[in-house]
**Student:** 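There's a structure below that I have some questions on.
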Amino acid sequence: MKIVSVKGMRDLLPADTAWFQRLEQAAREVFAAYNFDEIRTPIVEPTELFTRSVGEDTDIVGKEMYTFADRDGASLTLRPEATASVARAYVEHRLWDRPGLSKLYYMGPMFRRERPQKGRYRQFYQIGAEVLGGNAPVIDFELLAMLRLLLERCGIQDAELVLNSVGCADDRPAYHAALREALGARLPEMCADCQRRAQTNPLRVLDCKVPADQPIIATLPTLESFLDDKCREHFAQLRQLLDANGIAYRVDPRLVRGLDYYTSTAFEFQHGALGAQNALLGGGRYDGLTQALGAPAQAGGGIGFALGADRFVLAMQASGVVPSTGPVAVLVPLTDAELTLVLHLAEKLRREHIRVELAEPGRKLSRSLELASKLQARYAVIVGPDEAAASAVQLKDLNGGAQERVSGEALLDRLRQGVA
Ligand code: AMP
């Protein structure tokens with residue numbers, strides 16, 4: 001029987017990885033400019049890390065984790081997200097002892113057993129960043145400004161920043177009480193998850209995606225009037241910074257995030273081209289998470305985001321971005337006799353980061369040219385006995401068809417000009 005990949009987990013073939021690489025490169029450049037460093041944490045973590053930080057009553061922990069017993073009986077889980085892992089590493093290595101904020105980014109696969117559909121997979125890829133060790137509103141602002149730059153560098157147009165403040169531990173009890181009261185009589189009409197959450201964690205009712213529950217959810221009180229002075233002031237300062245720096249946003253007082261650890265600022269960037277899975281990225285502040293994982297108060301607060309790389313790629317495609325794929329040139333030695341010169345030229349170009357492919361020597365020229373166009377190369381560089389004798393090449397532009405003789409010396413500059 002033929003073996004195929006696991007449901008919801010797919011191969012990323014070269015046509016896909018070209019897009020992922022473009023995104024990853026843009027992300028590394030933008031993160032470096034904002035002085036972030038990379039962290040790589042294990043893909044497998046103790047299950048307890050997620051139950052304690054993401055929260056027992058979330059979809060992720062309740063229904064979606066790939067959890068298994070190790071041979072010694074320890075419960076392990078394939079990471080469903082990476083903020084918990086970064087926070088664990090921050091605590092484990094006492095990173096707050098280092099100077100300044102800890103500004104860390106990561107890239108890699110995450111695993112959630114969700115129902116697969118367009119833009120939603122069981123193994124998907126996230127790129128994220130966390131700033132640990134402080135809670136000033138300007139930190140939140142800089143993270144959002146960085147994301148705006150990243151979206152711009154990826155050529156994604158029309159992404160909308162949606163913002164809310166979800167309050168903190170001090171104002172939650174009063175809000176929960178108000179939610180329970182407002183839900184009151186309507187609760188029996190709602191889905192089983194909402195009924196349970198109304199008891200365990202009513203805030204999570206706002207995150208319910210069941211269509212029939214939405215009209216009821218729309219009538220519930222919002223957090224706004226329950227925010228304490230500290231959270232209110234933090235949100236006001238963040239909004240001021242965004243306004244002063246021309247970053248547009250929409251406040252959605254019902255935006256809550258799918259993980260329990262968020263406090264204060266919560267945000268998403270949404271994109272119309274993604275259909276039901278419209279969240280390109282999401283994040284927020286999580287002051288108190290590292291303390292819940294054993295850090296002292298001086299470890300400070302934290303804020304971060306995770307972007308869905310799979311969805312970013314869909315949005316890049318929808319915005320008309322084209323990744324550069326394929327070789328710049330295919331080098332064609334007409335016979336074996338020209339191979340030495342052609343190999344020498346290829347090496348020289350590759351050392352200068354020019355992507356080139358080699359056609360098989362002795363093949364018919366028409367077949368080599370056909371291959372070059374199929375590979376979407378811009379040029380064919382043809383070397384026959386006459387050219388070899390003069391250390392020259394025939395440079396054929398595969399876009400326009402023009403062909404000219406160029407010296408081996410001048411080839412590098414000509415190719416660079418052509419693709420600039
Ligand atoms: P979260 O970790 O749930 O806050 O998600 C952050 C981002 O990851 C979302 O905005 C999505 O872009 C992406 N994401 C989450 N779950 C999936 C999934 N199952 N498949 C693809 N992307 C996902």
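Counting starts at 1 for both ligands and their atoms, in listed order.
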**Student:** Using a strict 4.0 Å cut-off to heavy atoms of Leu281, name the atoms of ligand 1 that fall inside it.
**Tutor:** 10 (O)

**Student:** Give the single entry among Arg112, Met110, Glu81 that approaches atom 3 (O) of ligand 1 most closely by any heavy atom.
**Tutor:** Arg112

**Student:** Considering only heavy atoms, which of Ala266, Gly128, Ala279 lies nearest to atom 10 (O) of ligand 1?
**Tutor:** Ala279

**Student:** Measure the acute angle between the ring planes of Phe20 and Tyr125, then classify it against the limits of 30° and 60° as parallel, tilted or perpendicular.
**Tutor:** perpendicular

**Student:** Look only at interatomic distance and state if Arg120 has a nitrogen or oxygen under 3.5 Å from any nitrogen or oxygen of ligand 1.
**Tutor:** no

**Student:** Looking only at the side chains, is there a donor atom on one of Thr77 and Thr67 sitting less than 3.5 Å from an acceptor on the other?
**Tutor:** yes

**Student:** Do the side chains of Glu352 and Arg416 get close enough for a salt bridge, i.e. N-O under 4.0 angstrom?
**Tutor:** yes

**Student:** What atoms in ligand 1 come closer than 4.0 Å to a heavy atom of Leu280?
**Tutor:** 10 (O), 12 (O)

**Student:** Indicate yes or no: does Asp252 engage Arg254 in a salt bridge with an N to O separation below 4.0 Å.
**Tutor:** no

**Student:** Answer yes or no: are there more than 12 heavy-atom neighbours, outside Glu181 itself, under 6.0 Å from its atom CD?
**Tutor:** no

**Student:** Go through the structure and list residues passing side-chain hydrogen bond (donor to acceptor under 3.5 Å, both in side chains) with Gln157, not counting sequence neighbours.
**Tutor:** none

**Student:** Please determine, by modelled atom types, if Arg28 and Tyr105 share a side-chain donor-acceptor pair under 3.5 angstrom.
**Tutor:** yes

**Student:** Would you say ligand 1 has an N or O under 3.5 Å from any N or O of Ala306?
**Tutor:** no

**Student:** Using distance alone, determine whether Asp310 and ligand 1 share an N or O pair under 3.5 Å.
**Tutor:** no

**Student:** With backbone taken as N, CA, C and O and side chain as the heavy atoms from C-beta onward, which portion of Glu268 lies under 4.0 Å from ligand 1: side chain, backbone, both, or neither?
**Tutor:** neither

**Student:** Heavy-atom contacts with Arg257 under 4.0 Å: which atoms of ligand 1 show up? List them by number with element.
**Tutor:** 1 (P), 4 (O)

**Student:** Which part of Ile60 is near ligand 1, with near meaning a heavy atom under 4.0 Å away: side chain, backbone, both or neither?
**Tutor:** neither

**Student:** Heavy-atom count check: over 12 atoms from other residues, nucleotides or ligands less than 6.0 Å from Asp229 CG?
**Tutor:** no

**Student:** Below the 3.5 angstrom mark, is there an N/O of Gln126, backbone or side chain, next to an N/O of ligand 1?
**Tutor:** yes

**Student:** Against heavy atoms of Glu114, which atoms of ligand 1 measure under 4.0 Å?
**Tutor:** 16 (N), 17 (C), 18 (C), 19 (N)

